[in-house]
Amino acid sequence: MPPRKRSTTAVALGATAVVLVSGCSSAVEIAPTPLAGGEVCRAVASAWPADVGDHARREVSDPSAGAAYGDPAIIARCGAPALGPTTDDCIEVDGLGWVAQPLSDGTRFTTFGRDPAIEVLIPRDYAPEPLLLPAFSRAARALPTNSLACR
């Protein structure tokens, strides 16, 4: 019997790694954020989109950790610490603030003015990455606001 083919793709998250393994198991591994299990993130989980662009939602190993779409995986996680004032690029999409931070293989977008925050990691393969953010507007609006906004 020939060996099974497997492919592995990694998406950088600073100190946290998210690994996608396809083959027998197509579940995307997502590292939970510090507040992922909280009441707010449980409400956000019900607001994750069914698809992002034309990329279907994927199975994840721990649904409380977030959601994934497409291949390579677009990763969305709730429960990241809220960002404070920043000099990083901040853009408004559907009236919501998002801070863009370039990664070696794509961009991390973090809601700005929301506490806790949502992180969306979009691989470079989907450039221009901000065009996918409207899919996450409903989930982001489920987060409580704080006093910060993009300027």
Side-chain angles (χ1 to χ4, degrees), residues 7-22 27-38 40-151:
S7 65
T8 303
T9 303
V11 177
L13 280 175
T16 306
V18 176
V19 179
L20 160 68
V21 179
S22 62
V28 178
E29 296 284 332
I30 302 176
T33 60
L35 303 172
V40 170
C41 287
R42 283 193 299 275
V44 167
S46 67
W48 290 132
D51 54 35
V52 174
D54 60 354
H55 309 288
R57 191 162 174 179
R58 307 248 330 254
E59 179 184 352
V60 294
S61 60
D62 178 1
S64 69
Y69 307 84
D71 186 9
I74 298 163
I75 306 290
R77 306 183 322 151
C78 177
L83 296 176
T86 181
T87 58
D88 289 334
D89 290 337
C90 189
I91 60 173
E92 281 200 17
V93 177
D94 286 345
L96 297 161
W98 294 91
V99 171
Q101 297 169 306
L103 302 172
S104 62
D105 54 356
T107 305
R108 173 181 31 227
F109 293 94
T110 306
T111 53
F112 191 67
R114 304 287 168 156
D115 190 3
I118 288 175
E119 287 182 339
V120 178
L121 292 102
I122 304 177
R124 182 175 304 136
D125 293 8
Y126 301 109
E129 296 92 332
L131 294 179
L132 297 177
L133 291 176
F136 298 100
S137 294
R138 181 172 164 241
R141 283 191 178 92
L143 298 168
T145 60
N146 61 30
S147 62
L148 300 176
C150 292
R151 305 252 184 256

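Worth saying up front: this structure is predicted, and the values here are computed from it rather than measured.
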Please tabulate, one pair per line, all N/O donor-acceptor pairs under 3.5 Å involving side-chain atoms of residues 144-151, not counting sequence neighbours.
from	atom 1	to	atom 2	distance (Å)
N146	OD1	L148	N	3.0

For [X] versus [Y], what's the shortest heavy-atom pair and its separation?
X: L103; Y: R124; answer: O-NH2, 3.8 Å
X: F112; Y: G84; answer: CE1-O, 3.3 Å
X: S61; Y: A27; answer: N-CB, 4.0 Å
X: E119; Y: A80; answer: CG-CB, 3.8 Å
X: V44; Y: A139; answer: CG2-O, 3.7 Å
X: A36; Y: C41; answer: O-CB, 3.3 Å

Residues pairing under ring-ring contact (aromatic ring centres under 6.0 Å, His included) where one sits in residues 40-59, two or more places apart or in two chains, turn out to be H55-Y126

Check whether any side-chain heavy atom of P102 sits under 4.5 Å from a side-chain heavy atom of D89, and report yes or no.
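No. Closest side-chain heavy atoms not under 4.5 Å.
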
Is the shortest side-chain heavy-atom distance between D88 and T110 below 4.5 Å?
no

Could you give the distance from CG (L121) to CD (Q101), rounded to the nearest 0.5 Å?
9.5 Å

What's the verdict on side-chain contact (heavy atoms from CB on, under 4.5 Å) for V93 and F109, showing C-alpha distance, side-chain angles and the deciding distance?
CA-CA 11 Å; V93 177; F109 293 94; over 6 Å; no

I'd like to know if the side chain of R77 reaches the main chain of I30, judged simply by a donor and an acceptor atom lying under 3.5 Å from each other, with no hydrogens or angles considered.
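A pair under 3.5 Å: no.
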
Polar side-chain atom of R108 near backbone of V99 as donor-acceptor pair, under 3.5 Å
no

What residues form a ring-ring contact (aromatic ring centres under 6.0 Å, His included) with F136, not counting sequence neighbours?
Y69

For side-chain contact (heavy atoms from CB on, under 4.5 Å), just list the numbers for R58 and D71, CA-CA rounded to whole Å, side-chain angles, deciding distance to a tenth of an Å, and then say yes or no.
CA-CA 9 Å; R58 307 248 330 254; D71 186 9; 3.9 Å; yes

List for me each residue that meets side chain to side chain contact (heavy atoms under 4.5 Å, CB included) alongside [X], sequence neighbours excluded, and say none if there are none.
X: D94; result: P134, S137, R141
X: A135; result: P49, V52
X: A140; result: L96, W98, T111, I118

Walk me through whether V28 and I75 qualify under side-chain contact (heavy atoms from CB on, under 4.5 Å).
CA-CA 9 Å; V28 178; I75 306 290; 3.6 Å; yes

